[in-house]
Amino acid sequence: MPEPAVSPSYDFIRTIVKEDIEAGKYGGRVHTRFPPEPNGYLHIGHAKSICLNFGIASEFSGRCNLRFDDTNPIKEEVEYVESIKKDVQWLGFAWDDTEYYASDYFEHLYQYAAELINKGTAYVCDLTSQEIREYRGTLTEPGRESPYRNRPVDENLELFERMRKGEFPDGSRTLRAKIDMKSGNINMRDPVIYRILHAAHHRSGDTWCIYPMYDFAHCFSDSIEKITHSICTLEFEDHRPLYDWFLDQLGVYHPQQIEFARLNLSYTVLSKRKLIELVENGFVSGWDDPRMPTISGLRRRGYTPEAVRNFCDRIGVAKRDSMVDMALLEYCIREDLNKQAPRVMAVLHPIRVVIENYPADLTEELEAINNPEDPAMGTRQVPFSRVLYIEHDDFLEKPPKQFYRLAPGREVRLRYAYFITCTDVIKDGKTGEVVELRCTYDPATRGGDSPDGRKVKSTLHWVSAAHACEAEVRLYDHLFTKAAPNEAVEGQDFKSNINPNSLSILKSCRVEQSLTSAPVGSFYQFERQGYFCVDPDSSESKLVFNRTVTLRDTWAKIQKALKK
RNA sequence: UGGGGAGUCGUCCAGUGGCAGGACGGCAGACUCUGGAUCUGCUUACAGGGGUUCGAAUCCUCUCUCCCCAGCCA
């Protein structure tokens, strides 16, 4: 196979991995892991990490473990484990026959802790959490040593064993690493490595009442699994000295921790805590609300795994804090759906059109192309008759110069059908609102082309009133009004930037007949409008569509410019 | 003010001693039975000062700005 003309540019992590392979580090092996805590649903930021870890493994002929970092029984639930597995699979990644759990290593981890005690580098501390905080010092002042710091090894061992047996109440004691209370790095000031928690764990049940902390569990889990490159986000940079310290103390297999910048996306939030807040306070309907940046939300919204993976490729990997423009995500889904989505006609805001010179009892079947980007997708028949619906926005009684669509006296094309000319405008007697248009058609233009070669400025989508199905369509906008929702005014938080108009529900849309039995999850381009998919709320009696993303809309831009 | 990181077009990412480049966005045009798609062109960027060098985004130095850390969360 020929080499690519341009050598691919590696991000800094892939560069490290490549150099490690060339240097024979870890015997040329590459083994990564994706280690979510099952305390919430995965979001697009996790997708970045998944693509990175699984991507590197596959590019360098290595492996990637899916490992649940489940060391805190109070926050973790089976529901989250299941959703995480589903989301990783949906994204298109596969792991070995089993998934891994930090909780599977609890016994092993306990032995490691005992070993640390034996070496004199861990001790049981009786300080309360409040006292530990006070002893820790501050960012600028060193901490003080715990009065329990120099307990004899035997006493530590005995106490630690009794902690395990459940002899002490929650919070009464901890196991701490004996490192350096004066360290500038607060993580090194004798961090807690085990706490007492009389709580049932989603997997180990009541077997344990002491649970290891992240710093202790994570490095050893990586070590046990013979991970080569332990990739995590920037906020763990300060923890790397601790990661290395634990491993070095016991002289066990030592993976390399590498940190990269987490994803920030404009007009949304990507923090589990904040997403939970949105769910619990009812700002959204759930984790899979189509406005949520969760994988399940994106899936319900109509995003494809290909588009999400492509997005993750395009944003790159680096160490600087950044905020990726939502427009890039939208570009990625348009790009994918443009190739794949069948085109269909749907009228979101219907206005009645009567073709006065068209026979009342006639219905014609006209041929429409399913996808101009892919001729293999073929054609379909759409019914045409005397009474139609077109988009309310496609008519203007007094059109500005840039408006190409229907207006009194103007001729336009109905896609795949006929040229029509607006002859009369019917208004509501009281409100003055336009309620119906009277038009004439030119029979010679059947199929949409005029034999005399005359041109028309625009082509409109339409449905036949007698044949169309009614549908509900849900339109979504950004969840937040500000690109950086976390920047709230004094005394407010991100919730003050929630967009009150992020959802609008259209109840009486009309979609073409061919959509009658569209299955849940199927996606379409509603011509001239955007990409839509069938929501799980949809049923045989009631079609429900979600708008995934609009088409690029030049007219909308012109309107915006006109307003200024 | 302690420790750890980071500063390149509006945004994201390359470039690591030799012509600052790509993508998205934006603008303009071509084409079009989707004001879609596609194509073409344009698009006020190396945080600042000093130094080394024939030559600096890249090396040295000082400064400035931003992010993270004081959970028995991860």
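Here the structure is a predicted model, which is why all the values come from computation and not from measurement. A, B, ... follow the sequence lines: proteins, then strands. Residue 1 opens every chain.
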Considering only atom [atom1], compute the distance from [N] to [M] and round it to an integer number of Å.
N      : M      : atom1 : result
B/rG7  : B/rG15 : C1'   : 16 Å
B/rU58 : B/rG21 : C1'   : 15 Å
B/rC13 : B/rG18 : P     : 23 Å
B/rG2  : B/rA45 : P     : 36 Å
B/rU32 : B/rG10 : P     : 36 Å
B/rC24 : B/rU34 : C1'   : 23 Å
B/rA57 : B/rG49 : P     : 12 Å
B/rU53 : B/rC59 : C1'   : 10 Å

Mind checking if [X] touches a base, just sugar-phosphate, or nothing, with heavy atoms under 4.0 Å?
X        : result
A/Leu265 : nothing
A/Val456 : nothing
A/Ile132 : base
A/Tyr416 : base
A/Met213 : sugar-phosphate
A/Asp449 : base
A/His461 : nothing
A/Arg320 : base
A/Pro372 : base

> What residue among A/Phe532, A/Phe523, A/Tyr303 forms side-chain contact (heavy atoms from CB on, under 4.5 Å) with A/Thr548?
Replying inline: A/Tyr303

> Knowing that exactly one of A/Glu37, A/Glu99, A/Glu76 qualifies, which makes a side-chain contact (heavy atoms from CB on, under 4.5 Å) with A/Phe68?
Replying inline: A/Glu99

> Which is it for A/Gln525 and A/Glu527 under the side-chain hydrogen bond (donor to acceptor under 3.5 Å, both in side chains) test, yes or no, and what are the steps along the way?
Replying inline: CA-CA 6 Å; A/Gln525 183 196 98; A/Glu527 291 217 35; over 6 Å; no

Donor-acceptor pair (no angle test) under 3.5 Å: [X] side chain, [N] base:
X        : N      : result
A/Glu373 : B/rG36 : yes
A/Asp238 : B/rG3  : yes
A/Gln525 : B/rU34 : yes
A/Arg405 : B/rG35 : yes

>> So which atom in A/Asp449 and which in A/Arg413 form the shortest heavy-atom distance, rounded to 0.1 Å?
In response: OD1-NH1, 4.5 Å

> For the residue pair A/Phe419 and A/Gly448, what are the closest heavy atoms and their distance?
Replying inline: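 Taking A/Phe419 first and A/Gly448 second, the nearest heavy atoms are CE1-O, 3.5 Å.
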
For [N] and [X] - does any side-chain N or O of the residue sit under 4.0 Å from the phosphate oxygens OP1/OP2?
X        : N      : result
A/Arg136 : B/rG71 : yes
A/Arg173 : B/rC72 : no
A/Lys557 : B/rG26 : yes
A/Arg528 : B/rG35 : yes
A/Ser322 : B/rC13 : yes
A/Thr71  : B/rA74 : yes
A/Arg552 : B/rA37 : yes
A/Arg195 : B/rC73 : yes
A/Thr140 : B/rG3  : no
A/Tyr331 : B/rC24 : yes

> Under 6.0 Å from the CD atom of A/Glu487, do we count more than 12 heavy atoms belonging to anything else shown?
Replying inline: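 No, not enclosed.
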
> Hey, do the aromatic rings of A/Tyr243 and A/Phe236 have their centres closer than 6.0 Å?
Replying inline: no

Could you state the atom-to-atom distance from [atom1] of [X] to [atom2] of [N] in whole Å?
X        : N      : atom1 : atom2 : answer
A/Met326 : B/rG25 : CE    : C1'   : 14 Å
A/Ile369 : B/rG36 : CD1   : C1'   : 14 Å
A/Gln257 : B/rG5  : CD    : C1'   : 13 Å
A/Leu234 : B/rG3  : CG    : P     : 19 Å
A/Glu141 : B/rU1  : CD    : P     : 15 Å
A/Met323 : B/rA6  : CE    : C1'   : 16 Å
A/Glu259 : B/rG4  : CD    : C1'   : 10 Å
A/His478 : B/rG25 : NE2   : P     : 13 Å

> Considering heavy-atom distances to RNA chain B, does A/Arg343 or A/Asp69 have its closest nucleotide positioned more toward the 5' end?
Replying inline: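 It is A/Arg343 whose nearest nucleotide is closer to the 5' end.
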
> Which residue, A/Ile315 or A/Leu460, contacts RNA chain B at a nucleotide closer to its 5' end, judged by nearest heavy atom?
Replying inline: A/Ile315

>> Which residue in the set A/Lys178, A/Arg149, A/Lys182 passes salt bridge (charged side-chain N to carboxylate O under 4.0 Å, His left out) when paired with A/Asp190?
In response: A/Arg149

Which one is paired to [N], where only Watson-Crick or G-U wobble pairs with both distances under 3.5 angstrom count?
N      : result
B/rA74 : none
B/rC9  : none
B/rU16 : none
B/rC31 : none
B/rG25 : B/rU43

> For A/His218 and A/Asp69, what are the C-alpha separation, side-chain angles and deciding distance, and is it a side-chain hydrogen bond (donor to acceptor under 3.5 Å, both in side chains)?
Replying inline: CA-CA 8 Å; A/His218 204 91; A/Asp69 217 338; 2.7 Å; yes

> Where does B/rG22 land, syn or anti, once you apply the within-90°-of-0 test for syn?
Replying inline: anti

>> By nearest atom, which of the nucleotides B/rG35, B/rC13, B/rA70 is closest to the A/Phe403 side chain?
In response: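 In terms of side-chain proximity for A/Phe403, the closest of B/rG35, B/rC13, B/rA70 is B/rG35.
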
> After noting the C-alpha distance and the side-chain angles of A/Gln130 and A/Thr128, does the key distance pass the side-chain hydrogen bond (donor to acceptor under 3.5 Å, both in side chains) rule?
Replying inline: CA-CA 5 Å; A/Gln130 166 80 287; A/Thr128 65; over 6 Å; no

